[in-house]
Participant: 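The structure under discussion is supplied below as structure tokens; questions concerning it will follow.
Residues take their numbers from the sequence shown, with the count starting at 1. As the structure is a computational prediction, the values presented were derived from the model and not from experiment.
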Amino acid sequence: SLGIELTDTNVQEIMSRAERIGGNPLPWDWFPVAIGGCTAGVSQAIDGIGPFGPVEKTAFPSRLNDALERAKRYKDKF
């Protein structure tokens with residue numbers, strides 16, 4: 001757990017975005033990057049919500065992890 005707290009409104013917005021985005025938002029002509037489409041979907045779904053702040057769309061799990069760690073460090077400062 002990253003220890004990032006979300007409000008009910010934050011969770012509802014993330015869920016709504018996830019439903020709109022679907023399971024793999026990257027086109028198959030991006031293969032092999034398209035196999036990281038679920039990560040791209042997560043990065044889009046949490047972008048700008050609550051403690052996450054701006055999250056760059058990425059297909060790479062390590063980059064998404066870096067963004068989440070930055071959000072946690074930012075939160076911990078305040």
Participant: Please give me the minimum heavy-atom distance between Val11 and Leu6, naming the atom from each residue.
Facilitator: CG2-CB, 3.9 Å
Participant: Is the closest side-chain donor-acceptor distance between Asn65 and Ser62 under 3.5 Å?
Facilitator: no
Participant: Search all heavy atoms of Pro61 against all heavy atoms of Thr39 and return the closest pair with its distance.
Facilitator: CG-OG1, 3.6 Å
Participant: Test Asp47 against Arg17 for side-chain contact (heavy atoms from CB on, under 4.5 Å), laying out the working first.
Facilitator: CA-CA 10 Å; Asp47 180 34; Arg17 288 182 183 185; 4.2 Å; yes
Participant: Does the Ser43 side chain pair with the main chain of Leu64, one donor and one acceptor, at a distance under 3.5 Å?
Facilitator: no
Participant: Tell me, with the steps shown, if Ile46 and Leu68 meet side-chain contact (heavy atoms from CB on, under 4.5 Å).
Facilitator: CA-CA 10 Å; Ile46 66 172; Leu68 296 175; 3.6 Å; yes
Participant: Would a distance-only check, ignoring hydrogens and angles, find a side-chain to backbone donor-acceptor pair under 3.5 Å from Asn10 to Ile49?
Facilitator: no
Participant: Any idea which heavy atoms bring Ala45 and Ile14 closest together, and the distance?
Facilitator: O-CG1, 3.7 Å
Participant: Quick one: which of Arg20, Glu13, Glu19, Gln12 gives a side chain to side chain donor-acceptor pair (under 3.5 Å) with Ser16?
Facilitator: Arg20
